Protein chains: 2
Amino acid sequence: MLDRRSGISLYRQIAHDLLDRMQGGELTPGSELPSENTLSLDYGVSRDVIRDAMAVLRAEGAISTTRGRRSTVRKAPEVREILAPQAARITVRMPTYEERHRLDMLEGVPLIVVHTDELESYHPADRVAIITPPADEPA
Amino acid sequence: MLDRRSGISLYRQIAHDLLDRMQGGELTPGSELPSENTLSLDYGVSRDVIRDAMAVLRAEGAISTTRGRRSTVRKAPEVREILAPQAARITVRMPTYEERHRLDMLEGVPLIVVHTDELESYHPADRVAIITPPADEPA
DNA sequence: AGTTATTTGTCCGTATGTATA
DNA sequence: ATATACATACGGACAAATAAC
């Protein structure tokens, strides 16, 4: 499975393989991944390499991890559609650590900022889709 | 500076401190951070801890790192304003590793997807702001 | 052009703490 | 309480890219 001479780091190969296993239906949304220890033995690498692979998947929003529990394949949360105001400015960035906890966001989830003259609203990107106003929409 | 009994991990304390030093003007956009080795000695921690702190800052889009060179404080790139089509659906997520390289994106930069009936366009979040159509905008 | 030094990337191992089961 | 599992921190070693000379 792993190729130590491919020039691609082991943790990236493993991250890619785990993503494949999610696509292939072996690892379904909500299901638990094997423990870091198990994966370490399965892939024949150190736990450190497994942790690097998991970090990649967390940063991409693919899995969720909490201490003491095995990581789970992230379920796509319900998406709330938000009608954006007219002439609003929408910017997106990653939240800081403080923001992420204040807004109760998971790792690897961007922050959407909708800015108008009057107000500024913040939205975790995994829970909302922004809909721009249609032509017949009144102000 | 560091408090080993605060209950806050060392790498988070260091990440926070480095962010403060960016805010305070000591580390300006485009400038180089000290090397991991230097920071390791300065803070009195292992290089591993420094690397964890740097990973946090990269994931938040605060710094850029390339192998063989010291990390730099990220400069805010020029923001291009894009007028969104009417009744478009805008979603945001982190790019996969492949997407990130294909679209030439830095770490910690979200991907904006603008979706309409006809087309789907992708935009690195650090280079664009989305403007929703004003009331008098024709279709 | 080439060698050396610097710097980050990757991988290994170990140990301990803390949260969960 | 005990066991499992992830988080944090230490250490070392070598590879690979860049910078310096």
Side-chain angles (χ1 to χ4, degrees), chain A residues 1-18 27 30-59 61-74 97 100-101 104 106-108, chain B residues 1-18 27 30-59 61-74 97 100-101 104 106-108:
Chain A
M1 184 83 70
L2 297 185
D3 183 356
R4 290 182 118 93
R5 275 164 294 178
S6 67
I8 299 171
S9 56
L10 297 178
Y11 75 88
R12 289 205 183 283
Q13 292 183 51
I14 293 171
H16 190 280
D17 185 58
L18 288 171
L27 298 169
S31 69
E32 286 181 342
L33 276 70
S35 72
E36 294 177 354
N37 216 303
T38 303
L39 290 171
S40 167
L41 297 172
D42 286 353
Y43 284 106
V45 298
S46 71
R47 190 185 154 215
D48 186 57
V49 172
I50 298 296
R51 286 188 60 74
D52 283 346
M54 305 283 249
V56 169
L57 299 180
R58 267 196 304 276
I63 66 172
S64 288
T65 308
T66 36
R67 190 201 299 230
R69 307 174 55 173
R70 286 193 266 181
S71 294
T72 58
V73 180
R74 201 171 292 187
Y97 181 83
R100 187 156 69 76
H101 282 81
D104 194 33
L106 298 173
E107 268 185 80
Chain B
M1 184 82 71
L2 298 184
D3 183 356
R4 290 182 119 92
R5 274 164 294 178
S6 68
I8 298 172
S9 57
L10 296 178
Y11 75 88
R12 289 204 183 286
Q13 292 183 50
I14 292 171
H16 191 280
D17 184 59
L18 289 171
L27 298 169
S31 70
E32 286 180 344
L33 276 70
S35 73
E36 294 176 355
N37 215 305
T38 303
L39 289 172
S40 167
L41 297 172
D42 287 353
Y43 284 106
V45 299
S46 71
R47 188 183 156 216
D48 185 58
V49 172
I50 299 296
R51 284 188 62 75
D52 283 347
M54 305 285 250
V56 169
L57 299 180
R58 267 196 303 276
I63 67 172
S64 289
T65 308
T66 39
R67 178 176 353 206
R69 306 173 56 170
R70 286 193 265 181
S71 294
T72 58
V73 180
R74 201 171 293 187
Y97 181 83
R100 187 156 69 75
H101 282 82
D104 194 32
L106 299 173
E107 268 185 81

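Being a predicted model, the structure only gives us computed values, none of them experimental. Each chain gets a letter, A, B and so on, in the order its sequence line appears, and its residues count up from 1.
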Could you tell me if the side chain of A:Leu39 sits less than 4.5 Å from the side chain of A:Met54, heavy atoms only?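 Heavy-atom side-chain distance check passes, below 4.5 Å.
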
In this structure, how many angstroms lie between the [atom2] atom of [N] and the [atom1] atom of [X], rounded?
X	N	atom1	atom2	result
A:Asp52	C:dC12	CG	C1'	12 Å
B:Asn37	D:dA13	CG	C1'	14 Å
B:Arg70	D:dA19	CZ	P	11 Å
B:Arg12	C:dT18	CZ	P	16 Å
B:Gln13	D:dA9	CD	P	8 Å
B:Leu10	C:dT18	CG	P	13 Å
B:Arg67	D:dA17	CZ	P	5 Å
A:Ile63	D:dA5	CD1	P	15 Å

Note the angle between the end axes of the helix from C:dG2-D:dC21 to C:dA21-D:dT2, five pairs defining each, rounded to 10 degrees.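 Axis-to-axis angle, ends of the helix: 20°.
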
How far does [atom1] of [X] sit from [atom2] of [Y], to the nearest 0.5 angstrom?
X	Y	atom1	atom2	result
A:Ile14	A:Leu2	CD1	CG	5.0 Å
B:Leu27	B:Ser71	CG	OG	11.0 Å
A:Leu10	A:Tyr43	CG	OH	11.5 Å

Establish, with yes or no, whether the OP1 or OP2 oxygen of [N] is under 4.0 angstrom from a side-chain nitrogen or oxygen of [X].
X	N	answer
B:Arg4	D:dC10	yes
B:Arg51	C:dG9	yes
B:Arg69	D:dA19	yes
A:Tyr11	C:dC11	no
A:Ser9	C:dT10	yes

Among all residues two or more places apart in sequence or in another chain, which pass the side-chain contact (heavy atoms from CB on, under 4.5 Å) test with A:Asp42?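 With sequence neighbours excluded, A:Asp42 shows a side-chain contact (heavy atoms from CB on, under 4.5 Å) to A:Thr38, given in chain and number order.
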
List for me each residue that meets side-chain contact (heavy atoms from CB on, under 4.5 Å) alongside A:Thr66, sequence neighbours excluded, and say none if there are none.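 Checked A:Thr66 against side-chain contact (heavy atoms from CB on, under 4.5 Å); matches are A:Arg69.
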
Starting at the 5' end of DNA chain C, which residue's closest nucleotide do you reach first, A:Ser46 or B:Gly68?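 So the residue in question is B:Gly68.
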
Establish, from distance only, whether the side-chain atoms of A:Arg47 and A:Ser40 form a donor-acceptor pair under 3.5 Å.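 Per modelled atom types, A:Arg47 and A:Ser40 side chains form no pair under 3.5 Å.
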
Base C:dG9 to side chain B:Arg47, donor-acceptor N/O within 3.5 Å cut-off: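 Under the 3.5 Å cut-off, the side chain and the base do form a donor-acceptor pair.
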
Which nucleotide in the list D:dC6, C:dG9, C:dC12 gets nearest to the side chain of A:Asp48?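 The answer is C:dC12.
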
